[in-house]
S.K.: 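Please read through the structure below; I'll follow up with questions.
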Amino acid sequence: MTVLEQLRAAMGQAGVGALWVSGPANVRAVSGFTSGGDGKVLVLEGDAILYTDARYTVQAREESALTQVIARPPETYQDAAERVRGLRVGFEAEHLTVARLEDLRAHWDAELVPTRGLVERVRLVKSPGEVQAIRGAQALADRVFAEVRPMIRAGVRELDVALALELGLRRAGAEVGFDVIVASGPRGAMPHGVASEKVIEDGDLVTIDFGARLRGYHSDMTRTVAVGTPSEELRRVYNAVLEAEEAAVAAVRPGVTGGDLDALARGILERHGLGEAFAHSLGHGVGLNIHEGPSLRKGSEDVLEPGVVVTVEPGAYLPGVGGVRIEDLVLVTETGYEVLSRTPKERL
Ligand SMILES: CSCC[C@H](N)C(=O)N1CCC[C@H]1C(=O)N[C@@H](C)C(=O)O
């Protein structure tokens, strides 16, 4: 089934005859139009209309096969008003501001119904082309990491490591997927410790979490590397996180839930006395957004299916001491899993 066919089935289940799609990644998934600048899609039973403004006329024509209306609000809403009169129209509660909802209410003689995750659910399972894009983004990131790895040593600023990674990604034709995390020594206790002016020191563990965006699709990988000889305590933490990560990756297969995988990794860290130190979820889906479904968090009932791409990224964070995170990007296959991130992990 095409994305639109799947979406119309979901709309039927949600009891709406039309859907106003406003989340940029969802607009792209439904229409093919890649600009996050100005794009909305009105999905109806027999048609789907892409609305954008005149800055994007040529781009929209090149990228999207949908019916196109070039307009800016309020003309956009006036055009759509004719099409939605008397219908129950879903809007994306997670992607529409209150102000824009008021605009729709002011222009439309229709019942507006909040929906959640309709397009996101269609996006969970990646097509072969999407998997190819994610695979390509990760392969490129692996190559860039190999180039930059030798400069991760004492005396170098975190910022310079991040800059080298960003430059490598850009030179290779990708975009930087998200702010590069380089967290060394005690800064490693910050799961989202974006690179700072701190100079890497002998004995530091350095957590590097970065990703490429290629043709709109993301990669995501974390490695923690040792500079010099880290303390006995840090090596113990590293090996515990590695054990949890490898066990969780090995358990990936169709039918398992995100909650099962989180519990497996968390249980191992708890046995090492690091349950409290694991301050976030085990992982998340990756695609047009860096964070998307399914969720690999405590209690998640999201079921993994072939074609889903997820991260597995347990961590342990000890304030004042440091931290460790190890993350792989994993494709769920018919029989189990394939690890897309190929950068070797340190053995400490
Ligand atoms: C700002 S993008 C960060 C990418 C990174 N690989 C990542 O997803 N991280 C880093 C540590 C935790 C994890 C995260 O942000 N997880 C989210 C989904 C959570 O709420 O746990």
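Atoms within each ligand, like the ligands themselves, are counted from 1 in listed order. Side chains included, hydrogens not; waters and symmetry mates left out as well; all remaining heavy atoms used. Heads up: numbering here begins at 1 and tracks the sequence.
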S.K.: State whether a side-chain donor-acceptor pair under 3.5 Å links Asp302 with Ser295.
M.R.: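 Looking only at side-chain atoms, Ser295 and Asp302 do not form any donor-acceptor pair under 3.5 Å.
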S.K.: Protein residues near ligand 1, heavy-atom distance below 4.0 Å?
M.R.: Phe178, His192, Asp209, Asp220, His280, Ser281, His284, His291, Glu313, Arg325, Glu327
S.K.: Taking the six-membered ring for Trp, are Tyr51 and Trp20 ring centroids under 6.0 Å apart?
M.R.: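 Yes, the ring of Tyr51 comes within the 6.0 Å limit of the ring of Trp20, centre to centre.
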S.K.: Could you verify whether a donor N or O on one side chain and an acceptor N or O on the other, from Glu243 and Asn239, lie under 3.5 Å apart?
M.R.: no
S.K.: Does the side chain of His280 come under 3.5 Å of the side chain of Glu313 through a donor N or O and an acceptor N or O?
M.R.: no
S.K.: Do Ser281 and Lys298 have side-chain atoms, one donor and one acceptor, less than 3.5 Å apart?
M.R.: no
S.K.: Among residues two or more places apart or on two chains, list those pairs meeting ring-ring contact (aromatic ring centres under 6.0 Å, His included) that have a residue in residues 212-250.
M.R.: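 Residue pairs with at least one partner in residues 212-250: there are none.
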